[in-house]
Amino acid sequence: MSHVSKSDARVTIPELQRRAASGEKLVMTTAYDSITAQIADAAGVDLILVGDSVGNVCLGFDNTLQVTMAMMNHHLEAVARTRPRACLVADMPYLSCDLGLVEAVRNAGGFIQRGAQGVKLEGGAARVPVVRAMVAAEIPVMAHLGLTPQALHRMGGFKVQGRTGKAAKALVEDALRLQDAGCFAILMEGIPAELAGRVTREVEVPTIGIGAGPECSGQVLVFHDIVGLGPDLPPKFVRRYLDGFSQFRTALEEWREDVRAGRFPSPQESYLLPREAREQLEAMAPPPN
Ligand code: KIV
């Protein structure tokens, strides 16, 4: 059987690298379930990230630190079942890469076996050995630098990173070392725009920014933030295109009122008996008390 399928229009990592190199901006969003994946894919995004942000966005945790491999696999499988055209990337959750290289490669390889085309991994140059081990196992890796939410306690909160000359220099060096280790792209979160621009010019792989200014090769936002299902006061880097929370609530309030007033369901929304069966039902003796 040929490995080349004519109908396989899936966005690939080499294609993304070529498009970014030719100046095209890449677009990435998150999805944690089949419906958000289908919406994102229908909207034509280039990459879908099954992010560990599922922990705070969907599972009610305060942060991502309680997200496990089992949770990530569950959500990745739901997204992968939709067979998106977009390139599918899965996030390595907290501790999934810290208990030895074998465990890290097994975890990342499990994502690939579930349909991801690459994995995303938070952290700087200290991640070089694990990135090398994954790349050697044919697992494409996207690095994640800057505000890395799994380092919440070291950072002392969700704070913009790379604001001093020393920190900015270290971040550029991290990016170069991760590129050298074989990362196919570098995501930068919560860093000054000028620093993200500098990294983008220094590296050859695409950069994807979130709260990292306009000079990155692409941008990512969390799906729920774009459609207004996120927090009341989103951070300044989020642009909301819909007030989804209000609109969903209004729809549910209207339905609630229709139910209470007896307007729902209408005959058109009900299954009705054929005339003969209805007459037989009406002729039936009432049940004994
Ligand atoms: O988990 C996630 O959704 C992320 C994005 C914020 C980039 O890492």
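Quick note: numbers below take in every heavy atom, side chains included, and nothing from hydrogens, waters or symmetry partners. For the single chain, residues carry numbers from 1 onward in sequence order. All values reported here derive from a predicted model rather than from experimental measurement. In listed order, ligands and their atoms are each counted from 1.
The distance from ligand 1 to the heavy atoms of T30 drops below 4.0 Å at these ligand atoms: 3 (O). Applying the 4.0 Å criterion to heavy atoms of D91 picks out, from ligand 1, the atoms 1 (O), 2 (C), 8 (O). Near G51, meaning under 4.0 Å from one of its heavy atoms, ligand 1 places the atoms 1 (O), 2 (C), 3 (O). Set against the non-hydrogen atoms of H144, the atoms of ligand 1 under 4.0 Å away are 8 (O). For ligand 1, the atoms sitting less than 4.0 Å from at least one non-hydrogen atom of I210 are 6 (C), numbered in the order shown with element in parentheses.
Between Y32 and ligand 1, no pair of N/O atoms sits closer than 3.5 Å. The shortest N or O to N or O distance between D52 and ligand 1 is below 3.5 Å.
For T64, no heavy-atom contact with ligand 1 is shorter than 4.0 Å. If you look at L187 next to ligand 1, the close heavy atoms, those under 4.0 Å, all belong to the side chain.
In summary, the side chains of S266 and E269 do present a donor paired with an acceptor at a separation below 3.5 Å, with no hydrogens or angles considered. Side chain to side chain, Q150 and D52 meet the donor-acceptor criterion of an N or O pair below 3.5 Å. T82 and S34 share no donor-acceptor pair across their side chains, judged by distance under 3.5 Å alone. At a cut-off of 3.5 Å, with distance as the only test, no side-chain donor of N56 or S53 sits close to an acceptor on the other residue.
Formation of a donor-acceptor pair under 3.5 Å by the Q161 side chain with backbone atoms of M155 is not found in this model.
Among protein heavy atoms, the minimum distance from atom 8 (O) of ligand 1 is reached at K120 NZ, 2.9 Å. Among all protein heavy atoms, the one lying closest to atom 3 (O) of ligand 1 is S53 OG, 2.5 Å. What sits closest to atom 4 (C) of ligand 1 on the protein, heavy atoms only, is L49 CD2, 3.6 Å.
Note that NE2 of H144 is 10.0 Å distant from CE of M142, once rounded to the nearest 0.5 Å. In this structure, Q179 CD and E204 CD are separated by 5.5 Å, a value rounded to the nearest 0.5 Å.
Considering R19, R18, Q17 as possible partners of E15, the one that fulfils the side-chain hydrogen bond (donor to acceptor under 3.5 Å, both in side chains) test is R19.
The shortest separation from a heavy atom of E122 to ligand 1 is not under 4.0 Å, leaving the residue out of contact.
Within the 4.5 Å cutoff, the side chain of V54 has no heavy atoms near those of the V57 side chain.
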